[in-house]
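In what follows, a structure is listed as structure tokens, so that the remarks can point back to it.
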Amino acid sequence: MADPKGFLTTGREVAKTRPVGERVKDWNEVYVPGSLLPIISKQASRCMDCGIPFCHQGCPLGNLIPEWNDFAYREDWTAASERLHATNNFPEFTGRLCPAPCEAACVLGINQPAVTIKNVEVSIIDKAWDSGDVTPQPPERLSGKTVAVIGSGPAGLAAAQQLTRAGHTVVVYERADRIGGLLRYGIPEFKMEKSHINRRIEQMRAEGTKFRTEIEIGRDIDAAKLRRRYDSVVIAAGATVSRDLPVPGRELNGVHFAMEYLPLANKVQEGDLTVTPITAEGKHVVVIGGGDTGADCVGTAHRQGAASVTQLEIMPKPGEDRNANQPWPTFPMLYKVTSAHEEGGERVYSVSTTHFEGDEDGNVQSLHLIEVEFKDGKLEQKAGTERVIPAQLVTLAMGFTGTDQANGLVQQFGLDLDERGNIARDKDYATNVEGVYVAGDAGRGQSLIVWAIAEGRSAARGVDRFLTGTSALPAPIRPTDRSMMV
């Protein structure tokens, strides 16, 4: 194990962020470059190497956390990278974007601050890239089988890399102009610089994976024809249909889905646009939705020079400590202050939007809200609590309802849906159409990046077995597995 007394002698220390006044003036990642490596070995020493490492259960990938903590403590970065990649194709993504359910399940977290697992993870992979330990792993021989992967988010990329390394010829189709899915256009640059995606894509190309951008299956290529062209298909198209807010004034100019707003800001950083057509500059911004996507909108608005930023959440404000009904090792609902929230703005809880008001030109100018409370399991409005706040740009960040059906993909394949509107699949991630598999949010519904990668890896095993009759690829989760929550 690491230092047997590390958890007793070393306190928790996390990555340092750059000063707010500095970072809101650029789009670089918020953390101080190089600040983790000098402290990370001591932080890794806090790992207790417990008899039953519940961090394994907290992470759907089954990451071998105590093992790579030990290697990081000993500064054996090559061995740490090997253990990290044994279960995770893209630790540089999860190390930056995952909310770390592994830390919520850390045994040390029962009565002390948990091990900084996420920080150790990102330190190991960044060191591996810098030292040249991350190299292409092309297959020794080809199977002669072909696979199409629809979607290039974390699930699609994980499935594609696993199947390529198994010897199959894999082509990834992406409807956007660049590979990455929501990693590319849904995650702001200040949370993850896109250079991390680019170098991973180059590794995959060197391994043999092929990529086709600006092709939407269902519109540009008939799904049935695609199925006939390939021996198998993996659908990893995500759950991209945004949840709407059907209230009066929704049609006003300036009311946008978060996924209309965020990608344009990223396109400016990619150099495609000089100025985004949807900007917060000089405006009173209201973000409806208290989750991570909402926080992304908050941070983006700060960098665009918003006059004010207000984030609304219909649920009550979470506590700062675990509730009794959310015991360790489940993932607790806690009050979370992201880097975007550190940068300013107001957060308002237990409120619901009743309607928007606009000017004579049809531009949104204000938002009417009312306080709400739960009574007998039902959400009720509190009379006399109505108020109006200025709103010249509103972003709707209330989650997603399912995979896109408007493009014809579901109908052309003839896919069955489950009771929640997701693409139905069996224990091997196979749909009702022979040879067609589904991974990630398209089958699970809106979820976390670690679940997407785990599903991509698991679906790859199902496809490999379908194509060859057997498979040595790992399958970390079943389609029915869920987070440890209550």
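Reckoned from all heavy atoms, side chains included, excluding hydrogens, waters and symmetry mates. Count residues from 1 along the sequence.
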Apply side chain to side chain contact (heavy atoms under 4.5 Å, CB included) to residues L417 and Q405 and explain how you reach the verdict. CA-CA 11 Å; L417 303 178; Q405 297 186 45; 3.4 Å; yes

Over all heavy atoms of both residues, which pair between A44 and Y73 is shortest? Give the atoms and the distance, please. CB-N, 3.9 Å

Closest heavy-atom pair and its distance - P99, F331: O-CE1, 3.9 Å

Under 3.5 Å donor-acceptor, H302 side chain and G344 backbone: yes

Distance only, no hydrogens: is a donor on one side chain within 3.5 Å (strictly under) of an acceptor on the other, for Y173 and E214? no

Quick one: do F93 and I449 satisfy side chain to side chain contact (heavy atoms under 4.5 Å, CB included)? Show the steps, please. CA-CA 8 Å; F93 302 164; I449 182 172; 3.7 Å; yes

Main-chain N/O of L473 paired to R465 side chain as donor or acceptor, under 3.5 Å: no

Evaluation steps, side chain to side chain contact (heavy atoms under 4.5 Å, CB included), between R243 and L396: CA-CA 8 Å; R243 181 172 284 108; L396 307 180; over 6 Å; no

Compute whether any side-chain donor of one residue and acceptor of the other, for N119 and R12, lie under 3.5 angstrom apart. no

Within the distance-only criterion (no hydrogens, no angle test), does the side chain of R322 pair as donor or acceptor with the backbone N or O of Q326 below 3.5 angstrom? yes

With sequence neighbours left out, what residues match E342 under side chain to side chain donor-acceptor pair (under 3.5 Å)? R23

Closest non-hydrogen atoms of F90 and A158, given as atom of the first, atom of the second and distance, are CE1-N, 3.5 Å

Rounded to the nearest 0.5 Å, what separates atom NE2 in H256 from atom OG1 in T395? 9.5 Å

Looking only at heavy atoms, which two atoms of K118 and C98 are closest? And how far apart? NZ-O, 2.6 Å

T240 and side-chain contact (heavy atoms from CB on, under 4.5 Å): which single residue from T401, D404, L182, N407 fits? D404

Under the side chain to side chain contact (heavy atoms under 4.5 Å, CB included) criterion, do T300 and F190 qualify, and how do the steps go? CA-CA 9 Å; T300 299; F190 59 83; 3.8 Å; yes

Under a 3.5 Å distance rule, please check whether R457 uses its side chain to pair with a backbone N or O of T87 as donor and acceptor. yes

Quick one: does any side-chain atom of N63 pair with a main-chain N or O of I65 as donor and acceptor, under 3.5 Å? no

How long is the straight-line distance from CG of N266 back to CG of D272, given to the nearest 0.5 Å? 10.5 Å

Could you give me the CA-CA distance, side-chain angles and deciding distance for N28 and E189, then say whether side chain to side chain donor-acceptor pair (under 3.5 Å) is met? CA-CA 6 Å; N28 300 330; E189 192 83 358; over 6 Å; no

With a 4.5 Å heavy-atom cut-off, do V107 and W328 have their side chains touching? yes

Counting only N and O atoms by type, is there a donor-acceptor contact under 3.5 Å from the side chain of H341 to the main-chain atoms of T338? yes

Reported OG1-to-CD distance for the pair T135 and E207, which is rounded to 0.5 angstrom: 8.5 Å

Could you check whether D133 and S81, counting side-chain N and O atoms only, form a donor-acceptor pair closer than 3.5 Å? no

Verify whether one side chain among R444 and N422 offers a donor that lies under 3.5 Å from an acceptor in the other. no

Report yes or no: do H168 and S143 form a side-chain donor-acceptor pair below 3.5 Å? yes

Do R178 and Y185 have side-chain N/O donor and acceptor atoms under 3.5 Å apart? yes

Please indicate whether R205 has more than 12 foreign heavy atoms, meaning atoms of other residues, nucleotides or ligands, lying under 6.0 Å from its CZ. yes

Say whether Q161 and Q203, considering side chains only, have a donor N or O and an acceptor N or O under 3.5 Å apart. yes

Checking side-chain polar atoms at under 3.5 Å, does W451 have a donor or acceptor matched by the opposite partner on S483? yes

Output yes when a side-chain donor or acceptor of D296 lies under 3.5 Å from a complementary backbone atom of I187, and no otherwise. no

If we ignore angles and hydrogens, is there a donor and acceptor under 3.5 Å between the side chains of T209 and T164? yes

Spatial distance of atom CG (D126) from atom CG (L36) [nearest 0.5 Å]: 8.5 Å

Verdict with reasoning, K267 to D177, per salt bridge (charged side-chain N to carboxylate O under 4.0 Å, His left out): CA-CA 10 Å; K267 279 187 167 292; D177 59 345; 2.9 Å; yes

Close side-chain approach of T169 to K210, heavy-atom, < 4.5 Å: yes

Where the side chain of R184 meets the backbone of I179, is there a donor-acceptor pair that is under 3.5 Å apart? yes

Would you check if T274 and V268 make a side-chain contact, meaning some heavy-atom pair closer than 4.5 Å? no

Can you list every side-chain hydrogen bond (donor to acceptor under 3.5 Å, both in side chains) pair that touches residues 30-42, not counting sequence neighbours? S41-E75

Closest heavy-atom pair and its distance - D441, S447: OD1-N, 3.4 Å

Please determine whether a side-chain nitrogen of the Lys or Arg among K336 and D292 lies less than 4.0 Å from a carboxylate oxygen of the Asp or Glu. yes

If every non-hydrogen atom of T293 is compared with every non-hydrogen atom of A258, which pair is closest and at what distance? CG2-CB, 3.6 Å

May I ask you to check whether T94 and E121 show a side-chain donor-acceptor distance below 3.5 Å? yes

Kindly determine whether D222 and R227 satisfy salt bridge (charged side-chain N to carboxylate O under 4.0 Å, His left out), including the steps that lead there. CA-CA 9 Å; D222 184 273; R227 175 65 190 94; over 6 Å; no

Indicate whether any N or O donor in one side chain lies under 3.5 Å from an N or O acceptor in the other, for Q43 and N69. no

Atom pair CZ (F413) and CD1 (I423), whose distance is rounded to the nearest 0.5 Å: 8.5 Å

Checking E174 side chain against T213 main chain: does a donor-acceptor pair fall under 3.5 Å? no

As a quick check of understanding, evaluate salt bridge (charged side-chain N to carboxylate O under 4.0 Å, His left out) for D130 and K127, giving each step before the final call. CA-CA 5 Å; D130 291 343; K127 180 72 173 177; over 6 Å; no

For the backbone of A439 and the side chain of E455, can you confirm whether one donor and one acceptor N or O come within less than 3.5 Å of each other? no

Are more than 12 heavy atoms, taken from residues, nucleotides or ligands other than K194, located less than 6.0 Å from that residue's NZ atom? yes

Please lay out, stage by stage, how S471 and D464 fare under the test side chain to side chain donor-acceptor pair (under 3.5 Å). CA-CA 6 Å; S471 180; D464 189 37; 2.7 Å; yes

Taking K191 first and then E29, would you say they form a salt bridge - that is, a charged N and a carboxylate O separated by under 4.0 Å? no

Which value, rounded to the nearest 0.5 Å, describes the distance between D416 atom CG and N432 atom CG? 3.5 Å

Candidate pair D76 and R83, rule salt bridge (charged side-chain N to carboxylate O under 4.0 Å, His left out), full reasoning: CA-CA 11 Å; D76 187 346; R83 301 315 293 151; over 6 Å; no

